[in-house]
Amino acid sequence: MLQNSNTNKPISLLSQSINIMTTLSQAYRDHPLIHLHHIVPLDFDSLRTVPDSHDWPHSSYDTLELPTNEDVLIPLIDMSDPNAAMLIGNACKTWGVFQLTNHGVPTSLVERAEVEAGRLFDLPMTRKLKALRAPGDATGYGLPRITPFFSKYMWHEGFTIMGSSAEHASQLWSSNYQPFCDVMEEYQKNMKSLAEKITHLILNFLKIPDDAEITNWLHSAGAAAACSTALQLNCYPRCPDPTRVMGLAPHTDTFLLTILHQSSTCGLQIFRDGFGWVPVTPVAGALVLNVGDLFHILSNGRFPNVLHRVVVDPTRRRLSMAYFFGPPPDFCVTPFNNPPESPRFRSVVVKEYVGLKAKNLECALSMIGI
C-alpha cells in the first residue's frame, strides 16, 4: 500500500482513486477546448421541429442497413469461452470493437445504473442546468466535449463523472441524490475491474513482456486506482426528423478502452472500410468494447481506433453509459513492436495527448506520427 510522504500513513485505494481522478480533471482544465464557450443543451422535449442549429446535411445519415454478411457482423464474444483471450485479441486487431457476454458485471447493477441515468435525464431542464458543466471543466451536465469541432450541434445531452458524482448529483436532487451516487460508484468499480481484466488479456495477446512499463502499471500495487477513468452517461432523445440530426458525430475515443452499455434502442454505428457505417445492434446482456487512441498507439497501429457515431430514433429515447479507461495522466505511452518493426508513433504522455486532441480532434494522432 502507498503511504503519504508527509504523515507516513497508508493511502487507501479510494483516496488514490480520487487523487487520480482529480488529476485527470485537471488535465482537461489545463487543455480547454478550442472555441471555448458555455454550451447549453436544448430542451429537446419541447421541440416539434429540428432547429437550424441541429440540422445536419442529409448525407451524414448514410448507413449500412441490417448487415447479414459475416464480413460485417461485429464480433460477439463469450468471456467464458476457453478461447476468449485469443478471440478478444483478434477482434481488437481486425475490428477495433466487439460485444462481450458473460463478462461478470451483474445484470441487476447495469439495469439499476440505467434506471438512475434515466432518472437524471427525466429531470426538468431547469433542474439539470443546476449541474451544468462550467467552461473548461470536464464533469457535470452538458453536451459532448467534441461539440466545438462541428458546425452543427448534436441531438444529445450527457452527464460526465470522474470519481465521485456527489457534487453535481446534490445539485440535481437536494435530498435524494445518494441512491444515484451509490449506484454510479458501484458501477464504476465493476467497470474498472473488467477493464483491467480485458487490458491484461490484450497485453498478453500483443506479447508485451511483464517488465514493460505498461504491464508494470497494470500489475503494480494500487493499480486499480492509478488510472484515468471517466463515466459518461448519454441520452439521445427521440427526434421528429432523425434523418436531419446527428446524435453523436464521428470520432474516436482517447484512452485505451471504452466499455459501453447501450439500451435496447439502436443507434451506435462504427465505420468499416469497404462497407461504410455498420450498426452495433444491441445484444441483451452484452457490453460493447472498443479500442481507443492510446491502444492504437501502444499496439503501433495494429489495433484500429474505431471511428464511431450515434444516430437517433424517431419514437424512442436511447440511453447509454460509456466507461473510459487508461493509464494515469503522467504515464508515457510507447509503441510496442513485436515482431520488431519501425515505430509509427513517438512516445506520448497521456495528458499531452489529451491536450493535442483538445485542439486537433481529427489529426492528433498524425501529430505524433513518425
Side-chain angles (χ1 to χ4, degrees), residues 41 44-45 74 76 79 97-125 127-128 131 139-144 154-166 168-170 172-173 176-195 198 229-239 247-248 253 257-269 279-290 308-325:
F44 292 100
D45 290 339
I74 293 166
L76 177 63
M79 201 163 176
V97 62
F98 58 94
Q99 299 207 59
L100 189 67
T101 60
N102 288 318
H103 39 67
V105 180
T107 301
S108 59
L109 173 60
V110 177
E111 291 173 346
R112 284 188 290 131
E114 184 178 324
V115 167
E116 288 299 323
R119 189 165 75 96
L120 186 158
F121 293 117
D122 283 340
L123 290 170
M125 178 58 71
R127 182 73 64 81
K128 288 184 284 192
T139 58
Y141 176 74
L143 289 182
M154 287 162 252
W155 205 263
H156 170 281
E157 55 179 335
F159 188 84
T160 308
I161 302 169
M162 293 182 183
S164 172
S165 59
H168 291 298
S170 63
L172 297 170
W173 298 283
N176 191 29
Y177 64 89
Q178 198 58 49
F180 176 89
C181 297
D182 291 344
V183 170
M184 292 305 153
E185 181 177 354
E186 185 180 356
Y187 187 81
Q188 289 183 85
K189 287 179 179 178
N190 276 263
M191 288 294 109
K192 185 181 293 184
S193 176
L194 177 60
I198 298 299
T229 68
L231 177 61
Q232 174 69 36
L233 309 181
N234 300 303
C235 177
Y236 304 93
R238 62 184 181 178
C239 179
L248 193 61
D253 293 336
L257 285 175
T258 301
I259 305 177
L260 179 85
H261 163 71
Q262 55 177 342
S263 63
S264 59
T265 303
C266 294
L268 176 63
Q269 300 176 345
V280 183
T281 305
V283 174
L287 295 169
V288 181
L289 286 83
N290 69 266
H308 55 285
R309 70 179 188 180
V310 175
V311 296
V312 300
D313 190 272
T315 60
R316 296 195 301 170
R317 176 175 77 172
R318 178 178 181 270
L319 297 175
S320 71
M321 302 180 292
Y323 182 82
F324 305 102
F325 177 80

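Since we're looking at a predicted model, the values are computed, not measured.
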Trainee: Are any non-hydrogen side-chain atoms of Leu172 and Tyr177 less than 4.5 angstrom apart?
Mentor: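 No, their side chains stay 4.5 Å or more apart.
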
Trainee: Check ring-ring contact (aromatic ring centres under 6.0 Å, His included) between Phe324 and all other residues, then give those that pass, not counting sequence neighbours.
Mentor: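 ring-ring contact (aromatic ring centres under 6.0 Å, His included) list for Phe324, sorted by chain: empty.
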
Trainee: Nearest heavy-atom pair of Cys239 and Val312: which atoms, and what distance?
Mentor: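 Smallest interatomic distance, heavy atoms only, reads CB-CG2, 3.8 Å.
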
Trainee: Looking only at heavy atoms, what is the nearest atom pair of Met79 and Ile198, with distance?
Mentor: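 Scanning both residues completely, I find the closest heavy atoms to be CE-CD1, 3.6 Å.
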
Trainee: Not counting sequence neighbours, which residues clear salt bridge (Lys or Arg N to Asp or Glu O under 4.0 Å) with Arg119? List them please.
Mentor: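 By the salt bridge (Lys or Arg N to Asp or Glu O under 4.0 Å) rule, Arg119 matches Glu116.
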
Trainee: List in chain and number order the residues that pass side-chain hydrogen bond (donor to acceptor under 3.5 Å, both in side chains) with Gln99, two or more places apart in sequence or in another chain; answer none if no residue qualifies.
Mentor: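 side-chain hydrogen bond (donor to acceptor under 3.5 Å, both in side chains) list for Gln99, sorted by chain: empty.
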
Trainee: Flag the pair Val105 / Leu287 as yes when at least one side-chain heavy-atom distance between them is below 4.5 Å, and no otherwise.
Mentor: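 With C-beta onward as the side chain, the pair touches.
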
Trainee: According to side-chain contact (heavy atoms from CB on, under 4.5 Å), who are the partners of Asp182, at least two apart in sequence or on a separate chain?
Mentor: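 For Asp182 the side-chain contact (heavy atoms from CB on, under 4.5 Å) partners, ignoring immediate neighbours, are Gln178.
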
Trainee: For Glu186, enumerate each residue passing the side-chain contact (heavy atoms from CB on, under 4.5 Å) test, keeping only those at least two apart in sequence or located in another chain.
Mentor: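 For Glu186, the residues satisfying side-chain contact (heavy atoms from CB on, under 4.5 Å) (neighbours in sequence not counted) are Leu109, Arg112, Asn190.
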
Trainee: Answer yes if the side chains of His308 and Gln269 hold a donor-acceptor pair under 3.5 Å, and no otherwise.
Mentor: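 Short answer, no.
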
Trainee: Are Val288 and Gln262 packed together at the side-chain level, in the sense that at least one heavy-atom pair is separated by less than 4.5 angstrom?
Mentor: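 Contact flag for Val288/Gln262 side chains = yes.
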
Trainee: Excluding sequence neighbours, so at least two apart, what forms side-chain hydrogen bond (donor to acceptor under 3.5 Å, both in side chains) with Thr315?
Mentor: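 Thr315 satisfies side-chain hydrogen bond (donor to acceptor under 3.5 Å, both in side chains) with Asp313 once adjacent residues are dropped.
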
Trainee: Look at the rings of Phe159 and Phe180 and say which category their plane angle falls in: under 30° parallel, 30 to 60° tilted, over 60° perpendicular.
Mentor: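 Answer is perpendicular, since the angle exceeds 60°.
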
Trainee: Answer with yes or no whether the side chains of His261 and Ser320 bring together a donor and an acceptor at under 3.5 Å.
Mentor: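 No - no donor-acceptor pair under 3.5 Å links their side chains.
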
Trainee: By side-chain hydrogen bond (donor to acceptor under 3.5 Å, both in side chains), which residues pair with His156, not counting sequence neighbours?
Mentor: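 In terms of side-chain hydrogen bond (donor to acceptor under 3.5 Å, both in side chains), with neighbours along the sequence ignored, His156 is linked to Asn234.
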
Trainee: Is there side-chain contact between Ser264 and Arg316, with at least one heavy-atom pair below 4.5 Å?
Mentor: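 In contact.
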
Trainee: Could you tell me if the side chain of Glu157 sits less than 4.5 Å from the side chain of Lys128, heavy atoms only?
Mentor: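 Yes - at least one pair of side-chain heavy atoms lies under 4.5 Å apart.
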
Trainee: Would a 4.5 Å heavy-atom cut-off, applied to side chains only, mark Cys266 and Pro282 as touching?
Mentor: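 Cys266 vs Pro282: side chains touch.
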
Trainee: Checking Gln188 side chain against Gly163 main chain: does a donor-acceptor pair fall under 3.5 Å?
Mentor: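 Yes; at least one donor-acceptor contact below 3.5 Å.
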
Trainee: Could you please spell out the steps behind the ring-ring contact (aromatic ring centres under 6.0 Å, His included) verdict for Trp155 and Tyr236?
Mentor: CA-CA 6 Å; Trp155 205 263; Tyr236 304 93; over 10 Å; no

Trainee: Does a side-chain heavy-atom distance below 4.5 Å link Leu260 with Tyr323?
Mentor: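 Side-chain contact under 4.5 Å: no.
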
Trainee: Could you walk me through whether Arg309 and Leu248 pass side-chain contact (heavy atoms from CB on, under 4.5 Å), step by step?
Mentor: CA-CA 5 Å; Arg309 70 179 188 180; Leu248 193 61; 5.6 Å; no

Trainee: Identify the heavy atoms of His103 and Leu100 that sit nearest to each other, and give their distance.
Mentor: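 The pair with the smallest heavy-atom distance is CD2-O, 3.1 Å.
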
Trainee: For Arg317, check side-chain contact (heavy atoms from CB on, under 4.5 Å) against everything at least two apart and list the hits.
Mentor: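 Checked Arg317 against side-chain contact (heavy atoms from CB on, under 4.5 Å); matches are Phe121, Asp122, Cys235, Leu319.
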
Trainee: Taking all non-hydrogen atoms of both residues into account, name the closest pair between Met125 and Pro41 and its distance.
Mentor: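 That would be CE-O, 4.1 Å.
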
Trainee: Taking the side chain as C-beta and beyond, is there a heavy-atom pair between Leu233 and Thr160 under 4.5 Å?
Mentor: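 Counting from C-beta outward, Leu233 and Thr160 never come under 4.5 Å.
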
Trainee: How long is the gap from CE on Met191 to CD1 on Ile259, to the nearest 0.5 Å?
Mentor: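 If we round to the nearest 0.5 Å, Met191:CE and Ile259:CD1 are 5.5 Å apart.
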
Trainee: Nearest 0.5 Å please: distance from the CZ atom of Phe325 over to the CG atom of Leu289.
Mentor: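 These two atoms lie 11.5 Å from each other.
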
Trainee: Could you walk me through whether Leu143 and Met154 pass the side-chain contact (heavy atoms from CB on, under 4.5 Å) check?
Mentor: CA-CA 8 Å; Leu143 289 182; Met154 287 162 252; 6.0 Å; no

Trainee: Applying side-chain contact (heavy atoms from CB on, under 4.5 Å), run through Lys192 and Tyr187 and close with a yes or a no.
Mentor: CA-CA 9 Å; Lys192 185 181 293 184; Tyr187 187 81; over 6 Å; no

Trainee: Within this structure, what is the CE-NE2 distance for the pair Met162 and His168, rounded to the nearest 0.5 Å?
Mentor: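 One gets 10.0 Å once the value is rounded to the nearest 0.5 Å.
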
Trainee: Look at the side chain of Glu111 and the backbone N and O of Pro106, then say whether any donor-acceptor pair between them is shorter than 3.5 Å.
Mentor: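 Not at all, since once roles are kept as given, no pair shorter than 3.5 Å links the two residues.
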
Trainee: Go through the structure and list residues passing side-chain hydrogen bond (donor to acceptor under 3.5 Å, both in side chains) with Ser165, not counting sequence neighbours.
Mentor: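 Once residues adjacent in sequence are excluded, Ser165 has no partner under the side-chain hydrogen bond (donor to acceptor under 3.5 Å, both in side chains) criterion.
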
Trainee: Test of understanding: with side-chain contact (heavy atoms from CB on, under 4.5 Å), list the residues that count as partners of Thr101, not counting sequence neighbours.
Mentor: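 Partners of Thr101 under the side-chain contact (heavy atoms from CB on, under 4.5 Å) test: Leu76, Asp78, Ala286.
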
